[in-house]
A.B. asks: 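Dropping a structure here in structure tokens format, bear with me for questions.
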Amino acid sequence: MEKVQRTSLSPDLNEQSPEMRLPVPTQMLVDAFDLLPDASFVFDSNRKLIRANAAATQLETRELSTGRPCCDMFWHVEGADSCVVDRSVESGERVEVEILAGTHGDRSIAIIVQPLDTGAVGKAGALVMARDISDLRRAEAEAIAHKSFIASIADRTPDEIYALDAQARITWMNERAEAYKLLISTSGSFLAILSEECRELAQENLNRTLAGHDTECEVRVVHIDGSTRYAEAHTSPLWKDGEIDGVLVFLRDITERKREHELMAQSDKLRAVGELAAGVAHNLNNSLTVIQGRAQLLLRRASDESSAKNLQIINNAVEDGTKTLRRILEFARRDSASEFSPVELGYLITSSIDIARPKWQSKSRKGKIEVKVECNRSAYVMGEQAELREVVLNLIFNAVDAMPDGGIMEIGVRAEIDSGCFWVADTGCGMPPETASRIFEPFFTTKGKLGSGLGLSASHGIITRHQGEIIVVSEPGEGTRFEVRLPICDKHDRFVKNAGVPEELLNAV
């Protein structure tokens with residue numbers, strides 16, 4: 001690499017005024033020249049060597065002798081028409097170059113050539129100063145390699161790393177941090193990527209770190225798409241020239257770990273609930289048996305159609321409750337598939353509406369709920385009717401609870417190519433995306449003390465066991481829609497399961 005610096009020559013001492021001239025002992029100049037730490041060479045107007053100092057003899061491996069031409073020195077580049085001394089003298093300008101020298105070309109030499117006025121018209125000599133900078137270049141190469149190694153570690157680490165200034169502005173981040181589309185403000189503040197409830201604690205920790213203390217806390221990181229994730233934030237002081245110049249923040253994503261811990265806790269809760277439920281199931285079953293017996297007795301004595309219908313609804317509800325208790329007691333050893341039979345979704349919906357009607361017709365409610373039912377076509381699925389009715393009732397009850405001031409609830413059924421579908425939609429308060437993503441988790445509820453958080457979790461388990469899927473679509477202020485799809489029951493299964501029903505009648509449905 002060659003660098004040519006164009007500078008004006010230094011003023012000749014003879015051009016100074018007589019008052020400025022000072023006598024300088026010649027021997028002193030000679031001694032100073034010999035003591036220079038850089039290898040120094042002086043050439044006359046014919047580019048012949050006339051003097052070299054002690055450092056020059058150490059740098060030049062061959063013998064230095066007076067009269068040696070400049071082009072014969074170690075800085076001559078093979079194949080070039082002239083050496084750097086010729087170029088400097090001919091141009092009258094200072095030249096700086098760096099060359100590789102030595103037997104194996106492993107020595108870096110920095111050379112400076114300065115033309116000298118010899119007093120002869122049209123002729124000039126030159127001063128050459130050379131310095132072996134091999135150690136410097138090796139140190140630079142090691143520093144670059146070390147920097148590259150550290151950068152590679154920083155970019156490959158599983159943590160996100162942020163460098164902040166004293167105002168908590170992000171000045172640098174590693175590749176893992178850059179990969180996330182974070183919600184960074186125009187000011188570049190680190191606090192902008194955190195959820196609001198975490199910012200006060202994060203600011204306190206940053207202040208402590210600027211005072212010289214390491215800190216650790218849990219934060220929620222916000223993405224541009226509105227999603228959030230949990231992270232452990234470790235902060236350490238960033239030192240510069242013996243003073244704290246900023247903060248290093250290490251973020252470790254713990255979203256999955258936190259979710260696993262929550263699932264384990266929920267599993268423990270479910271196990272405890274199951275043990276408790278099994279303990280009380282027998283007593284509840286006895287009570288339901290009494291209720292069912294009395295309802296059936298009254299049903300036989302009913303004299304009007306309205307009373308008979310209400311008593312039949314009570315009897316159906318008691319039967320569903322009995323089956324639910326049986327599922328609790330026999331869950332571990334039951335073969336659910338063997339109990340599946342054809343279920344007509346239209347009847348399932350209408351019968352569930354009759355059971356749930358008192359929920360929204362209560363006089364204590366503030367607003368009126370309008371119910372719209374769409375069951376134009378029959379849709380048969382294979383399943384357990386009591387379980388599926390439990391799902392429908394859970395969805396209806398949630399829709400009613402979401403409309404405390406009234407609204408519209410839509411319930412419908414449709415038959416698709418390979419599935420039967422039913423849905424429950426409301427015009428209630430709706431849910432944000434982060435709530436909707438957790439709605440099927442056990443014990444997760446938005447109703448506070450009024451909800452157990454088990455209804456939708458149980459519903460999701462029932463639909464999964466039926467090899468179906470349940471989907472939720474919701475927007476805050478726009479209401480919520482739950483849609484359930486179940487494998488459709490073919491006509492052969494309907495005929496086999498419904499013994500005594502002619503297949504031509506099933507074909508007409």
Side-chain angles (χ1 to χ4, degrees), residues 1-16 20-143:
M1 176 176 139
E2 180 174 320
K3 178 181 178 183
V4 178
Q5 181 177 349
R6 301 184 181 276
T7 60
S8 58
L9 296 176
S10 301
D12 191 272
L13 187 62
N14 294 326
E15 295 177 1
Q16 300 178 14
M20 295 292 293
R21 297 195 187 101
L22 296 175
V24 181
T26 302
Q27 189 60 42
M28 182 180 296
L29 291 176
V30 172
D31 293 341
F33 179 81
D34 287 336
L35 292 175
L36 287 174
D38 294 335
S40 301
F41 309 83
V42 179
F43 294 86
D44 61 14
S45 58
N46 295 318
R47 289 93 183 260
K48 303 290 186 181
L49 180 65
I50 59 176
R51 189 168 188 84
N53 66 354
T57 60
Q58 297 177 2
L59 184 64
E60 175 58 83
T61 56
R62 291 180 293 175
E63 181 182 359
L64 290 174
S65 57
T66 303
R68 186 175 175 181
C70 62
C71 293
D72 189 37
M73 305 294 286
F74 63 87
W75 53 72
H76 176 72
V77 179
E78 186 177 354
D81 295 336
S82 61
C83 67
V84 292
V85 175
D86 289 335
R87 290 160 53 193
S88 176
V89 172
E90 291 171 2
S91 65
E93 297 173 342
R94 174 173 171 162
V95 175
E96 294 183 15
V97 297
E98 181 177 331
I99 65 172
L100 293 177
T103 306
H104 304 288
D106 56 352
R107 298 169 64 193
S108 296
I109 309 296
I111 298 176
I112 300 176
V113 183
Q114 177 66 55
L116 296 176
D117 186 359
T118 61
V121 178
K123 292 186 177 182
L127 170 65
V128 178
M129 302 189 72
R131 177 181 296 179
D132 190 336
I133 58 172
S134 301
D135 292 340
L136 175 62
R137 290 293 179 253
R138 280 193 292 269
E140 288 178 347
E142 291 178 1

A.B. asks: Check the pair Met129 / Leu36 against side chain to side chain contact (heavy atoms under 4.5 Å, CB included), numbers first and verdict last.
C.D. replies: CA-CA 10 Å; Met129 302 189 72; Leu36 287 174; 4.2 Å; yes
A.B. asks: Which residues pass the side chain to side chain donor-acceptor pair (under 3.5 Å) test with Arg137, sequence neighbours left out?
C.D. replies: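 Only Glu98, Glu140 meet the side chain to side chain donor-acceptor pair (under 3.5 Å) criterion with Arg137.
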A.B. asks: With side chain to side chain contact (heavy atoms under 4.5 Å, CB included) as the test, would you mind laying out the steps for Ile111 and Ile99 before giving the verdict?
C.D. replies: CA-CA 8 Å; Ile111 298 176; Ile99 65 172; 3.7 Å; yes
A.B. asks: Please enumerate all residues that pass side-chain contact (heavy atoms from CB on, under 4.5 Å) together with Arg131, with sequence neighbours excluded.
C.D. replies: Asp38, Ile133
A.B. asks: Asp135: which residues meet the salt bridge (Lys or Arg N to Asp or Glu O under 4.0 Å) condition with it, sequence neighbours left out?
C.D. replies: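 Here the qualifying residues are Arg138.
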A.B. asks: Please name all residues satisfying side chain to side chain donor-acceptor pair (under 3.5 Å) with Asn53, sequence neighbours left out, ordered by chain then number.
C.D. replies: none
A.B. asks: Rounded to the nearest 0.5 Å, what's the gap from OG on Ser40 to CG on Leu127? Could you check?
C.D. replies: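 Taking OG in Ser40 and CG in Leu127, the distance rounds to 6.0 Å.
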A.B. asks: List for me each residue that meets side-chain contact (heavy atoms from CB on, under 4.5 Å) alongside Ile112, sequence neighbours excluded, and say none if there are none.
C.D. replies: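 side-chain contact (heavy atoms from CB on, under 4.5 Å) check on Ile112 returns Arg94, Glu96.
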A.B. asks: When rounded to the nearest 0.5 angstrom, what is the spacing between OG in Ser45 and CG in Leu116?
C.D. replies: 11.0 Å
A.B. asks: Working to the nearest 0.5 Å, report the span between CZ of Phe43 and CZ of Arg51.
C.D. replies: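 Between atom CZ of Phe43 and atom CZ of Arg51 there are 13.5 Å.
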A.B. asks: For the residue pair Ser65 and Leu49, what are the closest heavy atoms and their distance?
C.D. replies: O-CD2, 3.7 Å
A.B. asks: In chain order, what residues pass the side chain to side chain donor-acceptor pair (under 3.5 Å) check against Asn46, with sequence neighbours excluded?
C.D. replies: none
A.B. asks: Look only at the side chain of Ser88 and the backbone of Val85, and say whether a donor-acceptor pair between them is shorter than 3.5 Å.
C.D. replies: no
